[in-house]
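Before any comments, here is the structure.
In this chain, residues are counted from 1 in sequence order. Keep in mind the model is a prediction, meaning the values are calculated, not measured.
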Amino acid sequence: MIEYIKGELTEITPTAAVVETNGIGYLLNISLNTYSAIQGKKEVKLYVDEALVTGGRDDSFTLYGFYNKQERELYRMLITVSGVGSNTARMILSATSATELVNIIASGNEKALKGVKGIGLKTAQRIIVDLRDKMTQSGIIADVMQDGAIANSQQPAINSQTKEEAVGALTMLGFAAAPSNKVVNEILQAHPDMPVDQVIKQALKMIK
């Protein structure tokens, strides 16, 4: 069992990162949250979840990387829900921050979950029913809220008009509101003064 991988970040995209340690490059699937947290860094430490699929024509072994233990714990909780696989869980964690996801589940906000690509009403309801009590009992809600408060205090102010226009344009182009909002937030946190047209162009390269 691999707990974490620490080393040089040699390649990164919004969905994957390659971390080299001891001459071996590990390919890890990541969420947009993790991408945002590690992009631009030379050395990273990613917490790992291993997915081994057997019994088909070809066995597969996939590594998923997370920038902290809280995101990994949320991922592990999500994949226990019937109908939520690894890629769907990663999509949810890309469309919402850990704090937002905890709030959505705790408040029973089915509509917000349905805004994530691939999540229907029944799956949204199952996620809320299955995980609400688990999150309370595990203590992850307090951990995520504390981390979120620290992160929010460090984030630069976002131009609300630019954000509104960019998200509006992306939804007009057919992208769901939740992932559009997430990607635009990330862009404007990194580049608060970026013009709206450039924000949209950058979002089109990142959004899935």
Side-chain angles (χ1 to χ4, degrees), residues 1-3 14-16 28-37 46-56 58-149 151-152 167 170-171 174-186 206-208:
M1 175 71 72
I2 300 173
E3 172 64 12
T15 58
L28 301 104
N29 290 285
I30 60 174
S31 69
L32 279 176
N33 284 324
T34 293
Y35 171 74
S36 234
L46 293 180
Y47 293 91
V48 174
D49 187 83
E50 304 167 69
L52 176 62
V53 178
T54 61
D58 297 304
D59 295 345
S60 65
F61 180 69
T62 306
L63 298 178
Y64 290 85
F66 307 90
Y67 72 101
N68 63 20
K69 289 184 177 180
Q70 287 75 29
E71 189 190 29
R72 182 177 65 179
E73 182 62 19
L74 286 171
Y75 167 86
R76 287 175 170 173
M77 287 185 172
L78 285 167
I79 61 176
T80 66
V81 178
S82 176
V84 179
S86 297
N87 286 331
T88 301
R90 182 171 59 156
M91 180 71 73
I92 293 170
L93 290 169
S94 293
T96 65
S97 68
T99 304
E100 289 168 343
L101 180 58
V102 165
N103 281 327
I104 286 168
I105 293 174
S107 63
N109 191 343
E110 299 169 359
K111 184 177 180 181
L113 278 176
K114 282 178 61 183
V116 180
K117 183 179 179 181
I119 301 295
L121 177 60
K122 290 183 178 179
T123 301
Q125 291 172 337
R126 277 198 300 269
I127 290 171
I128 291 168
V129 171
D130 288 1
L131 299 187
R132 184 184 284 170
D133 290 341
K134 286 183 181 179
M135 286 185 172
T136 302
Q137 294 168 4
S138 71
I140 193 171
I141 292 178
D143 291 343
V144 168
M145 291 303 182
Q146 181 178 358
D147 287 351
N152 287 337
V167 172
L170 290 166
T171 54
F175 294 97
S180 298
N181 187 72
K182 174 64 179 173
V183 170
V184 169
N185 265 335
E186 291 173 356
M206 296 169 60
I207 198 166
K208 298 296 181 182

Compare all side-chain heavy atoms of [X] with those of [Y] and state whether any distance is below 4.5 angstrom.
X	Y	result
L170	V183	no
L113	L101	yes
V102	L74	yes

Pairwise distance [atom1]([X]) to [atom2]([Y]) - rounded to 0.5 angstrom:
X	Y	atom1	atom2	result
M91	L78	CE	CG	13.0 Å
R72	Q70	CZ	CD	10.0 Å
K114	T123	NZ	OG1	11.0 Å
S97	E186	OG	CD	10.0 Å
I30	F66	CD1	CZ	10.0 Å
N87	N29	CG	CG	7.0 Å

For residues [X] and [Y], report the shortest heavy-atom separation together with the two atoms involved.
X	Y	value
L131	T80	CD2-OG1, 4.0 Å
Y64	A51	CE1-CB, 3.9 Å
A89	V84	N-CG1, 4.0 Å
N33	T96	ND2-O, 2.8 Å
P14	L32	CB-CD2, 3.7 Å
L28	V48	CD2-CG2, 3.8 Å

Per the salt bridge (Lys or Arg N to Asp or Glu O under 4.0 Å) rule, what does the pair list look like for residues 75-95, sequence neighbours excluded? D49-R76
Quick one: salt bridge (Lys or Arg N to Asp or Glu O under 4.0 Å) pairs with a partner in residues 93-107, sequence neighbours left out? none
Which residue is it: I127, I128, V129? I am looking for the one with a side-chain contact (heavy atoms from CB on, under 4.5 Å) to V81. I127
Side chain to side chain donor-acceptor pair (under 3.5 Å) evaluation trace for Y75 with S86: CA-CA 8 Å; Y75 167 86; S86 297; 2.9 Å; yes
Let me see the working for L63 and E50 under side chain to side chain contact (heavy atoms under 4.5 Å, CB included), right down to the final yes or no. CA-CA 5 Å; L63 298 178; E50 304 167 69; 3.7 Å; yes
Check step by step if side chain to side chain contact (heavy atoms under 4.5 Å, CB included) holds for M135 and E73. CA-CA 10 Å; M135 286 185 172; E73 182 62 19; over 6 Å; no
